[in-house]
Amino acid sequence: MKNRKINYFKSTFLLGMVLITGLGCERDLSDDAIVATYPKTAEIFIDAPVAMGSNFYFPYGGSKPTAWSVDNQTSYKGSASMRFDVPNANDPEGSYAGAIFRVDGAGRNLTNYDALTFYVKASQGVTIAEFGFGEDFIDNKYMATITNVSVGTNWTKIIIPIPDASKLLQERGMFRYAAGSQGTNGYGYTFWIDEMKFEKLGTIAPGQASIMNGNNVSENTFVGVNSSVDGIISTFNLPNGINQVVNISTAYLDFSSSNPNVASVDSNGVVTSLSPGTAVITATIGGNPTTGSLTINCVGTFVHAPTPTRNQANVISIFSDAYTNVPVNYYNGYWQPWQTTVSNDFSVNGDNILNYTIFNFVGIEFSSPTVNANAMTHIHLDVFIPGPIAPGRELRVIVVDFGADGAFGGGNDTRHSTTFTAPTLVSQNWISIDIPFANMPNLLSRTNLAQIILEGGDGSVIYVDNIYFYN
């Protein structure tokens, strides 16, 4: 093999790492001030990296850092291409391939272009999870991504439309990709990319952009609760007539609130509930309205759960801002096919709340590692049911121990279920639940506690806080 490995990268960045450096001084600009301009270089890779600098390849955390190289044997045009070796799922160096290509310098002015284009082929027919641009591990402001891209064994041109090029005055995130082996039974493969550059095609027709995936979503909140506009996509009609969906970041949009006194929205799509009432959050892109909306129904001031007062030394906390929590796998495993419960957790002035909607049952798991609660005597949790209590409504609290093997199944798991009904269950009030382990005869051990399951919902809403074991 004559592959030429180039170690341009100097460090591996975790996905989502943010480092923001601000200017230390400010001054007023006159109307005649000229905004600094940056290179308008279109090419990213043409036989070799173009004007990228010496340190531009930054792998994602958990990916194989050596997945990328320059291949002098294979090319669409010219003498070389970029080669990406997706590892086997059990590769000790990384279970997938993924990284960003960031300009080692001030960035580029991309306002003259309407798409990122390149040619791609693979060693076998595969689906690549993500291709895109705009991620720079600094503020990742103007990201645009296409997902589940079908790649065959012949060279194919990929077009990623730029949602609003007027915003890309100084972009450093030239390319990003993520590719795994989920569709190949865990076996690795290779794909190649060549002739990567930004272009002005002039034949891309903008379609419809959407927030909340194009749905009109309503959310009940409280004063001080932050919500987020998500599900942001935009559709473009490509020169070949295919409609391409592009996932885009909030920075491409301009948001507005129908009632800013009730709920405000910032440039990142973060909505803050300010007072009781209703406000509808909408957006535009390039002056054109998007489909979808987020209606905020602020019902007033949030009533917090009682603040725990037990000493941390006597507590093993699963979820509480009052204590240090043990590692938790998840607070909602979403166990299909029977579960309907969806998490819509929120925070009120720093107080984090588990919010389960369409509640029928939900599993909280903390099995990595399991919890030894032999020194504890009780389990505690606070629950709040905002809606009416239907006749016969039950709430079951199930504590599960994984047995000596510390793993689910194996024939040694034990559990105990405790059922609560009215008058314990009340509406519009926090219910403090304390269950002694002495009252759990079916729980044969608590050396490897691993799950807490809540059951008995009727499809309504339940808030949960302060879940812990204590002595």
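Quantities reported herein were computed from a predicted structural model and do not represent experimental measurements. Each residue takes its place number in the sequence, starting with 1.
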Excluding sequence neighbours, so at least two apart, what forms salt bridge (charged side-chain N to carboxylate O under 4.0 Å, His left out) with [X]?
{"X": "Asp458", "result": "Arg393"}
{"X": "Arg396", "result": "Glu394, Glu455"}
{"X": "Glu365", "result": "none"}
{"X": "Asp321", "result": "none"}

Test side chain to side chain donor-acceptor pair (under 3.5 Å) applied to Thr370 - qualifying residues, sequence neighbours left out: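 Partners of Thr370 under the side chain to side chain donor-acceptor pair (under 3.5 Å) test: Asn448.
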Does Gln312 have any side chain to side chain donor-acceptor pair (under 3.5 Å) partners at least two apart in sequence or in another chain, and if so, which?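 If we apply the side chain to side chain donor-acceptor pair (under 3.5 Å) test to Gln312, skipping adjacent residues, there are no hits.
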Which residues satisfy the side-chain contact (heavy atoms from CB on, under 4.5 Å) test with Ser347, sequence neighbours excluded? Asn352
Applying ring pair (Phe, Tyr, Trp, His ring centres under 6.0 Å), can you list everything that pairs with Tyr142, at least two apart in sequence or on another chain?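 Once residues adjacent in sequence are excluded, the partners of Tyr142 under the ring pair (Phe, Tyr, Trp, His ring centres under 6.0 Å) criterion are Tyr252.
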Residues in ring pair (Phe, Tyr, Trp, His ring centres under 6.0 Å) with Tyr334, at least two apart?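 Ring pair (Phe, Tyr, Trp, His ring centres under 6.0 Å) list for Tyr334, sorted by chain: empty.
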Mind checking whether Phe302 and Phe222 have parallel, tilted or perpendicular rings, split at 30° and 60°? perpendicular
For the residue pair Phe101 and Tyr177, categorise the inter-ring angle as parallel (less than 30°), tilted (30 to 60°) or perpendicular (more than 60°). tilted
Which pairs, with at least one residue in residues 264-288 and sequence neighbours excluded, count as a ring-ring contact (aromatic ring centres under 6.0 Å, His included)?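 Output for this query is empty, none listed.
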Could you give all pairs that pass the ring-ring contact (aromatic ring centres under 6.0 Å, His included) test and reach residues 349-373, with sequence neighbours left out? none
So which pairs with a foot in residues 277-295 pass side chain to side chain donor-acceptor pair (under 3.5 Å), sequence neighbours left out?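 Residue pairs with at least one partner in residues 277-295: Ser210-Thr291, Asn216-Ser293, Ser256-Thr282, Thr278-Asn297.
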Using the six-membered ring of Phe137, assess whether NZ or CZ of Arg102 lies under 6.0 Å from its centre and within 45 degrees of the ring axis. no
Looking at Lys141, I want to see if its NZ is surrounded by more than 12 non-hydrogen atoms of other residues, nucleotides or ligands under 6.0 Å. no
Pair Trp68 and Phe191, ring centroids less than 6.0 Å apart: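 No - the distance between ring centres of Trp68 and Phe191 does not fall below the 6.0 Å cut-off.
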